[in-house]
Number of protein chains: 2
Amino acid sequence: MREKLEKYYSFVFEKELLDEIVQVGVYKKLRENELLVDLGDKMKGVPLLLEGAIKIVREDKNGEEILLYFLERGDTCASSFASAISNGKCGIRAIAEKESEIIFLPKEKLDEWLVKYKSWRNFVIESYNIRLNEMMETIDSLAFMRMNERLYKYLTDKAQIMRETSLNTTHQDIAYDLHTSRVVVSRLLKQLENEGKIKLHRNKIEILEF
Amino acid sequence: MREKLEKYYSFVFEKELLDEIVQVGVYKKLRENELLVDLGDKMKGVPLLLEGAIKIVREDKNGEEILLYFLERGDTCASSFASAISNGKCGIRAIAEKESEIIFLPKEKLDEWLVKYKSWRNFVIESYNIRLNEMMETIDSLAFMRMNERLYKYLTDKAQIMRETSLNTTHQDIAYDLHTSRVVVSRLLKQLENEGKIKLHRNKIEILEF
DNA sequence: TAACTTATGTGATATTAATCACAAAGTAAT
DNA sequence: ATTACTTTGTGATTAATATCACATAAGTTA
């Protein structure tokens, strides 16, 4: 744990803070598709992502989903931060997109560290900032782009986050993330394939053009 | 300024912090439709809203707009906070929807106060939290609701923010905020009128049912 | 009051996406 | 190999929204 923490966070946090994190942080390994946070959860701390990829989705009353954004190493979940510190509920669901490693930081420390460590203050503010910007990008996609563009953006974004050039996924799963129907996804994927941007296989999509 | 600050913020901030705010804060009155923050601005501080209503919109490359949310008294602009503290650019535009009063807090103090005042830390985290939730609501609307529902929600939300039961606005302006066309807005408004939820006048919409 | 300007109403048509229905292909299980 | 299940492909239809074109109405200004 110390090793990976150093690797991704030594330029972010002061030495003393890294020491504290090692002391109080709880290391956890997440299996692929493991649920990390569910709608309405009250967070007892915040996860610091060491490795892997986490999908953050929003769900409405009818159980319909929409992808908000992905977290990757170096990220934290701003939504849980707020929930942890104010004892409120979390409005999102977080699922590991692949095997991931996190450090869970207990909520008691969150405010204390804000006082003690400038690097922690920067990190928290910066995390919120990143997340607000991700949300704005999501809003841009929804408001300004048509489904074919959203689909292509989804594929290239996800490939980057997963650090792969092909995605192992089904059309139905994509449809859930984009909140549309499988039929629509299949048709638009075929269109993207005809444009030479991707190549389709069963349970797998190769991305040829980024 | 002291008076209004006390009125809306005395339960939020400690006495010492209120004193500091009075010392370093710059009071400003905004005319209706005055531009407070523009896309790409680098913020020199954050606005604290004392009175009025501010509209926050997002714009894409083609100059097309979409409303993100409204600020009202007691609110601050989380987007400018991040921009101010990290010297980054602001990704939004903020326009006074009606005559408003703000206190502008210089960015030099923002981090200092995080160390000194627990109430300031809470306020900042809470503001981010509120804003993230507003963004999620906007995403919900875009992803899960049809235009007629979005329109009705827009009207009732805006009426609440403006503390009025009628809105002085044109169909075209609504269309800009919802990122659709005037024709669509006019038709759906007529539909809402037929359902008895609103009453249409020239340059004015009465809301009969909340 | 006439001439303009701005705001609203509405038919017709086009486009995008959602939905239904079913076939075909690939994979897994017995 | 047969059966069952999952995934993908595709035509047909419907619904929502966007776009065009123009009429009418309500204010404004000369």
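What you see is a predicted model; the values in this text were computed from it and never measured. Quick note on labels: first sequence line is chain A, next is B, and so on, each numbered from 1.
Taking atom CD of residue Glu193(B) and atom C1' of nucleotide dT10(C), one finds them 15 Å apart after rounding to whole Å. Rounded to whole Å, the distance from CD on Gln191(A) to C1' on dT10(D) is 14 Å. At whole-Å resolution of the value, CG in Asn62(B) and P in dA18(D) are 15 Å apart. When rounded to the nearest whole Å, the span between NE2 of His201(B) and C1' of dT6(C) equals 18 Å. Between the CD atom of Glu64(B) and the P atom of dA18(D) there is a distance of 11 Å, given to the nearest Å. Distance NZ (Lys204(B)) to C1' (dA26(D)): 15 Å, rounded to an integer number of Å. Taking atom CG on Asn203(B) and atom P on dG9(C), their separation rounds to 12 Å, with Å as the unit. For the pair Leu167(B) CG and dT8(C) P, the computed distance is 12 Å after rounding to whole Å.
The aromatic rings of Trp120(A) and Phe13(A) are tilted relative to each other, their planes meeting at an angle between 30° and 60°.
Below the 3.5 angstrom threshold, one finds no donor paired with an acceptor across the side chain of Arg202(A) and the base of dT27(C).
Side chain of Ser186(B) to main chain of Val184(B): no donor-acceptor pair is present (N/O by atom type, distance under 3.5 Å, no hydrogens or angles). A distance-only check finds a donor-acceptor pair linking the side chain of Asp75(B) to the backbone of Glu72(B) [under 3.5 Å]. Between the side chain of Lys204(B) and the backbone N or O of Ser166(B), no donor-acceptor pair lies under 3.5 Å.
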(message) Across nucleotides 14-24 of chain C, 5' to 3', mark each nucleotide with B, S or - according to how protein heavy atoms within less than 4.0 Å reach it.
(response) --SSBBB----

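Proximity of His171(B) to the phosphate of dA7(C): no side-chain N or O atom is located under 4.0 Å from OP1 or OP2.
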(message) The test is side chain to side chain contact (heavy atoms under 4.5 Å, CB included); show your working for Leu110(A) and Ile125(B) and say whether it passes.
(response) CA-CA 11 Å; Leu110(A) 305 182; Ile125(B) 298 293; over 6 Å; no

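Between the CD1 atom of Ile207(A) and the CG atom of Leu167(A) there is a distance of 4.0 Å, given to the nearest 0.5 Å.
Between Tyr8(A) and Glu51(A), the side chains place a donor N or O and an acceptor N or O closer than 3.5 Å (distance only, hydrogens not considered).
The side chain of Thr170(B) has dA7(C) as its nearest neighbour among dT8(D), dG9(C), dA7(C).
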